[in-house]
Number of protein chains: 2
Amino acid sequence: MNSQVEENYLKALFYLSIDNEDGVSVKVLSKHLDIKMPTVTSMMKKLAAKHLVNYESYKPLKLTEKGTKEAALVIRKHRLTEMYLVEKMHLGWEQVHDIAEQIEHIKSPEFFSKMDELLGYPKIDPHGSPIPDKNGKMVWKAYNKLSECKVNDTVKIAAVINTSDEFLTFLNGRDISLGLEMTIQSIEQFDNTIVVSYNKHSSETLSHRVCERLLVEKY
Amino acid sequence: MNSQVEENYLKALFYLSIDNEDGVSVKVLSKHLDIKMPTVTSMMKKLAAKHLVNYESYKPLKLTEKGTKEAALVIRKHRLTEMYLVEKMHLGWEQVHDIAEQIEHIKSPEFFSKMDELLGYPKIDPHGSPIPDKNGKMVWKAYNKLSECKVNDTVKIAAVINTSDEFLTFLNGRDISLGLEMTIQSIEQFDNTIVVSYNKHSSETLSHRVCERLLVEKY
DNA sequence: TAATTTTGTTAGCCTATTCTAACTTTTTAG
DNA sequence: CTAAAAAGTTAGAATAGGCTAACAAAATTA
């Protein structure tokens, strides 16, 4: 079992590895965690001894397969917790990160399975980031919100946040479903309303509230 | 801010102080926490320096007023968490203790206030134990479940666990309300059904399920 | 009361995680 | 292609929390 501290190093390495495919430097990891370089070096040796990190002096750091999986499981718990806190406890998005940062280290598989169940086994979180499954596998597509797209972007609806009946009904009423491709015609600066076209709908207006809940894949 | 370890010592002292009004011995605390005596001694010195414990060599240990309050606040978080896990997440009573033991140390007042709110500001937990309020004050009456009483006991209904509409309606239908006094006429060994008498009801039969949800004060 | 047992304390050591200071390797600039 | 800068490592120390061995005080028993 990894300690909380070890879990934090794994998590940081996981995130930093996304942008640094060829490995993460001690410097960068040190900055990210706000922990001095010598401390990082010694922790890397420790994690290497546990086969979680490939460590060689003066070489970039890489998670092993095992390390990647364990990091993903921590991230899974973090994201499930954030979603749970927002959806089921009605805490604000500003508040939940710090709480999730603590709860992610709770040792109790049943606790997190139950959260997963109560949330309806979500595959992506409300930021559009994928939630790793119980085996640490995740679909590597970080979706964008429709609200973050630009005029003339052509996008495909990939997922929906907060699958309430009302919202799904709303989408049905406009023939919007998963996989649908649409092009952004214009964006109203004042209220962030977006006008899109797709299929037989040549000009459908979607509110910012709606666009924030539609995750899309850009082309 | 106290560490998790310190919080565990405070909590243990609080519980042990209930039976040992005149103070707790190092031996007893050591056994309770499964931590060796020398370690306990040194932690007591540390807590004394923080004005949480009154410590004098070879004398029984006592929480200070401040220590008592901080211990009560940890217990509050523990009990709220247990209730939340059972009532809102539908986890089993066997499972929740270990999880609550971890969650009680989360640093986030909003998280626990929200739990409190979602639970309807409970004053006692389903075991009949009081939940300290936000200031660490608690009503010092540990109620008994009606199901744990004996034949001929005369008791007063003090509280009700899990205030669902159905249950309250059931109680109304039998003129059972808070403050009501009843006497136990007999207990059926086979299914733990209890026959009670009160007011104009000379012989009312209550199932074990019901008796487990009624907290009473004994005379 | 004196001897013995029990309880409590001190001293010294261990592991985990962090730090600073000093040194080494790599990288980058001339 | 060297010399300075940047990045990384080693060595040594600190703090939190825990342990064992040895000693001291208190309580018990004979």
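Chain letters run A, B, ... following the sequence lines, proteins first, then strands; residues in each count from 1.
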Got a sec, which pairs hit ring-ring contact (aromatic ring centres under 6.0 Å, His included) with one end in residues 45-87 of chain B, sequence neighbours left out? B:His78-B:His97

Among D:dG18, D:dT9, C:dT9, the one nearest A:Ser57 by side-chain distance: D:dT9

Compare the minimum distances between each of D:dA11, D:dG8, C:dT18 and the side chain of A:Pro38, then state the nucleotide with the smallest one. D:dA11

Using OP1 and OP2 only, check whether a side-chain N or O of A:Thr41 sits under 4.0 Å from D:dG8. no

For B:Leu33, enumerate each residue passing the side-chain contact (heavy atoms from CB on, under 4.5 Å) test, keeping only those at least two apart in sequence or located in another chain. B:Tyr9, B:Ala12, B:Leu29, B:Ile35

Provide, to the nearest angstrom, the distance between the NZ atom belonging to A:Lys31 and the C1' atom belonging to D:dG8. 14 Å

Looking at A:Lys45, does any N or O in its side chain come under 4.0 Å of the phosphate oxygens OP1/OP2 on D:dT9? no

Which pairs, protein N/O on one side and nucleotides 3-7 of chain D N/O on the other, fall under 3.5 Å?
from, atom 1, to, atom 2, distance (Å)
D:dA7, OP2, A:Lys27, NZ, 2.7

After noting the C-alpha distance and the side-chain angles of A:Cys211 and A:Lys145, does the key distance pass the side chain to side chain contact (heavy atoms under 4.5 Å, CB included) rule? CA-CA 7 Å; A:Cys211 296; A:Lys145 292 180 182 171; over 6 Å; no

Checking A:Glu212 now: which residues fulfil salt bridge (charged side-chain N to carboxylate O under 4.0 Å, His left out) with it, not counting sequence neighbours? none

Atom NZ of A:Lys59 to atom P of C:dT26: distance rounded to whole Å? 9 Å

Comparing A:Glu6 with B:Tyr55, nearest DNA chain C nucleotide closer to 5' gives the residue B:Tyr55

Nucleotide C:dT18, atom C1' - distance to CG of A:Leu33 in whole Å: 13 Å

If you compare every side-chain N and O of B:Tyr9 against the phosphate oxygens of D:dA16 (OP1, OP2), does one of them come in below 4.0 Å? no

Candidates D:dG18, D:dG8, C:dG8 - which lies nearest the side chain of B:Thr39: D:dG18

Side chains of A:Thr193 and A:Ser207: any donor to acceptor distance under 3.5 Å? no

Roughly how many Å is it from CG in B:Leu61 to P in C:dT7, rounded to a whole number? 14 Å

Can you measure A:Lys50 atom NZ to C:dA16 atom P for me and round it to whole angstrom units? 9 Å

If you check every side-chain atom of B:Ile35, which of D:dG18, D:dT20, D:dG8 has the closest atom? D:dG18

Could you state the CE-P distance from A:Met43 to D:dT10, rounded to the nearest angstrom? 16 Å

What is the distance, rounded to the nearest whole Å, between atom NZ of B:Lys36 and atom P of D:dA21? 11 Å

Test: salt bridge (charged side-chain N to carboxylate O under 4.0 Å, His left out). Region: residues 62-77 of chain B. Which pairs qualify, not counting sequence neighbours? B:Arg76-B:Asp116

Would you please name every residue forming a side chain to side chain donor-acceptor pair (under 3.5 Å) with A:Asp34, sequence neighbours left out? none

